[in-house]
Amino acid sequence: MVVVKTIKEVRETVKQWKKEGLSVGFVPTMGYLHEGHQSLIRAAGENDKVVVSIFLNPMQFGPTEDLASYPRDLERDKEKCLESGADLIFAPDASEMYGDNFQSFVDMNLLTQELCGLTRPCHFRGVCTVVTKLFNIVKPDRAYFGKKDAQQLAVIKRMVADLNMDIEIIGCPIIREKDGLAKSSRNTYLSAEERQAALVLSKAVKKAEELIAAGVRDSAEIISQMSAVVDAEPLAKTDYIKVVSLDTMQQISKIEDSALVALAVYIGKTRLIDNYFYEGE
Ligand code: AMP
């Protein structure tokens with residue numbers, strides 16, 4: 001496994017692989033890797049070669065968000081990548097990605113108006129821009145994204161279709177701790193007490209799953225019962241709990257064939273997300 005910091009090195013390596021007729025899978029990350037990331041890297045193993053990017057993208061953080069405190073440890077990340085079968089790590093500096101006079105952005109309407117897009121106004125512009133750049137640099141055949149970031153997955157799929165990017169986007173299941181908490185680099189912010197309180201997210205998701213399995217289709221009913229779960233925890237403060245269309249990410253009042261039930265909750269100062277994809281019976 002090779003670790004490179006420049007765009008030129010990635011291009012040279014991938015060019016050689018393509019010359020040899022090899023397929024390339026790509027997993028974009030912000031680093032501080034855990035089992036969730038590793039599951040994507042393993043899934044990407046269906047390609048001949050696997051590229052992982054580790055880039056804490058400043059453009060997708062708001063001015064009051066946690067860019068400065070976000071955990072970083074490249075040595076630890078290298079081990080995790082090696083363990084899971086990556087061939088190349090691209091770990092650029094911000095200057096390599098954005099240079100001195102960066103002026104171009106990729107943005108999206110509709111799908112970014114609800115959920116995290118509402119709470120984090122410039123977030124998806126940062127995500128779309130960096131993912132487009134990474135796709136242009138790596139030129140993968142397939143790219144792997146976690147369903148944990150459900151809106152991000154929907155946005156990337158839309159972007160690839162809208163802009164005719166010749167890349168297959170593959171959504172991978174949410175990996176959880178034994179007690180249900182979705183794995184996240186941000187879980188490292190939690191104190192022992194907060195870690196326990198954070199279980200309200202997966203409990204609320206489970207509640208939604210049970211209600212839908214029992215035939216409940218009214219979004220207000222699902223949201224109200226999920227809110228009751230979150231509100232019972234004094235350390236938790238709801239950012240949003242919503243039921244949206246999988247295609248448009250717009251709120252729906254009644255679930256028909258499919259839906260995304262998503263929530264974001266502050267546990268102390270840490271904002272965590274979780275969701276349930278309902279894709280029909
Ligand atoms: P991040 O480093 O947080 O930007 O995440 C990089 C990729 O890993 C994204 O596609 C995430 O959706 C995915 N990911 C993060 N946590 C999990 C998880 N618990 N299960 C599955 N995928 C995840």
Side-chain angles (χ1 to χ4, degrees), residues 27-41 52-81 83-84 89 91 93-94 115-124 126-127 130 145-153 172-206 226-227 229-242 261-276:
V27 181
T29 82
M30 297 200 300
Y32 213 73
L33 305 183
H34 51 66
E35 262 300 319
H37 300 108
Q38 288 183 291
S39 72
L40 305 187
I41 301 171
V52 178
S53 65
I54 295 176
F55 179 55
L56 196 49
N57 175 34
M59 201 190 283
Q60 70 191 68
F61 286 78
T64 60
E65 291 181 351
D66 58 340
L67 175 63
S69 54
Y70 199 89
R72 306 156 209 236
D73 189 341
L74 186 57
E75 285 312 309
R76 183 177 169 279
D77 287 345
K78 280 185 204 166
E79 305 252 313
K80 303 249 173 202
C81 283
E83 251 172 55
S84 6
I89 298 179
D93 293 331
L115 310 177
C116 293
L118 203 58
T119 316
R120 310 182 67 191
C122 290
H123 174 67
F124 285 109
V127 169
V130 82
F145 291 84
K147 286 185 169 178
K148 154 115 189 313
D149 297 272
Q151 189 176 19
Q152 170 173 276
L153 175 61
C172 301
I174 301 177
I175 304 297
R176 298 178 178 279
E177 302 286 355
K178 280 204 182 73
D179 60 6
L181 178 68
K183 298 220 179 208
S184 166
S185 310
R186 289 190 167 99
N187 291 348
T188 54
Y189 297 149
L190 302 171
S191 68
E193 201 189 352
E194 287 171 343
R195 170 66 184 75
Q196 199 54 32
L199 289 177
V200 290
L201 283 103
S202 52
K203 282 184 188 156
V205 163
K206 196 138 194 270
M226 291 173 77
S227 296
V229 172
V230 177
D231 294 346
E233 171 51 62
L235 293 179
K237 191 169 159 287
T238 300
D239 176 2
Y240 65 74
I241 302 178
K242 285 178 183 172
V261 182
L263 80 166
V265 175
Y266 288 95
I267 303 294
K269 287 197 171 111
T270 305
R271 184 176 173 280
L272 300 176
I273 57 173
D274 204 342
N275 67 70
Y276 172 55

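Bear in mind that the values here come from a model prediction, so they are computed numbers and not experimental data.
Taking Ser84 as the reference, Gln38 meet the side-chain hydrogen bond (donor to acceptor under 3.5 Å, both in side chains) condition, with sequence neighbours excluded. The salt bridge (charged side-chain N to carboxylate O under 4.0 Å, His left out) test applied to Lys148 returns no partner, not counting sequence neighbours. By the salt bridge (charged side-chain N to carboxylate O under 4.0 Å, His left out) test, Glu83 is found to be paired with no residue, residues two or more places apart in sequence or in another chain being considered. Listed by chain and residue number, nothing satisfies the side-chain hydrogen bond (donor to acceptor under 3.5 Å, both in side chains) test with Lys80 (two or more places apart in sequence, or in another chain). Residues forming a salt bridge (charged side-chain N to carboxylate O under 4.0 Å, His left out) with Lys242 (at least two apart in sequence, or on another chain): Glu114. Legend: residues meeting side chain to side chain contact (heavy atoms under 4.5 Å, CB included) with Cys172, ordered by chain and number and at least two apart, are Leu40, Ala43, Tyr144, Ile170. Not counting sequence neighbours, Arg76 has no partner by the side-chain hydrogen bond (donor to acceptor under 3.5 Å, both in side chains) test. Partners of Tyr189 according to the side-chain hydrogen bond (donor to acceptor under 3.5 Å, both in side chains) rule, which considers only residues two or more places apart in sequence or in another chain, are Asp66.
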Considering only distance and modelled atom types, tabulate donor-acceptor pairs under 3.5 Å from the side chains of residues 29-37, sequence neighbours left out.
{"from": "Thr29", "atom 1": "OG1", "to": "Gly31", "atom 2": "N", "distance (Å)": "3.1"}
{"from": "Thr29", "atom 1": "OG1", "to": "Ser53", "atom 2": "O", "distance (Å)": "2.8"}
{"from": "His34", "atom 1": "ND1", "to": "Gly36", "atom 2": "N", "distance (Å)": "2.9"}
{"from": "His37", "atom 1": "ND1", "to": "His34", "atom 2": "N", "distance (Å)": "3.0"}

Please tabulate, for the side chains in residues 198-206, all donor-acceptor contacts under 3.5 angstrom to protein atoms that are two or more places apart in sequence or on a different chain.
{"from": "Ser202", "atom 1": "OG", "to": "Leu199", "atom 2": "O", "distance (Å)": "3.3"}

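Inter-residue side-chain proximity for Tyr240 and Leu118 is flagged as unmet; no heavy-atom pair is nearer than 4.5 Å.
Taking a 6.0 Å sphere around CD of Glu233, one finds it holds more than 12 heavy atoms contributed by other residues, nucleotides or ligands.
No donor-acceptor distance shorter than 3.5 angstrom exists from the side chain of Asp274 to the backbone of Ala182, with no hydrogens or angles considered.
Residue pairs satisfying the salt bridge (charged side-chain N to carboxylate O under 4.0 Å, His left out) criterion with at least one member in residues 190-201, sequence neighbours excluded, are listed as follows: Asp179-Arg195. Listed by first and then second residue, the salt bridge (charged side-chain N to carboxylate O under 4.0 Å, His left out) pairs involving residues 263-272 are Asp239-Arg271 (not counting sequence neighbours).
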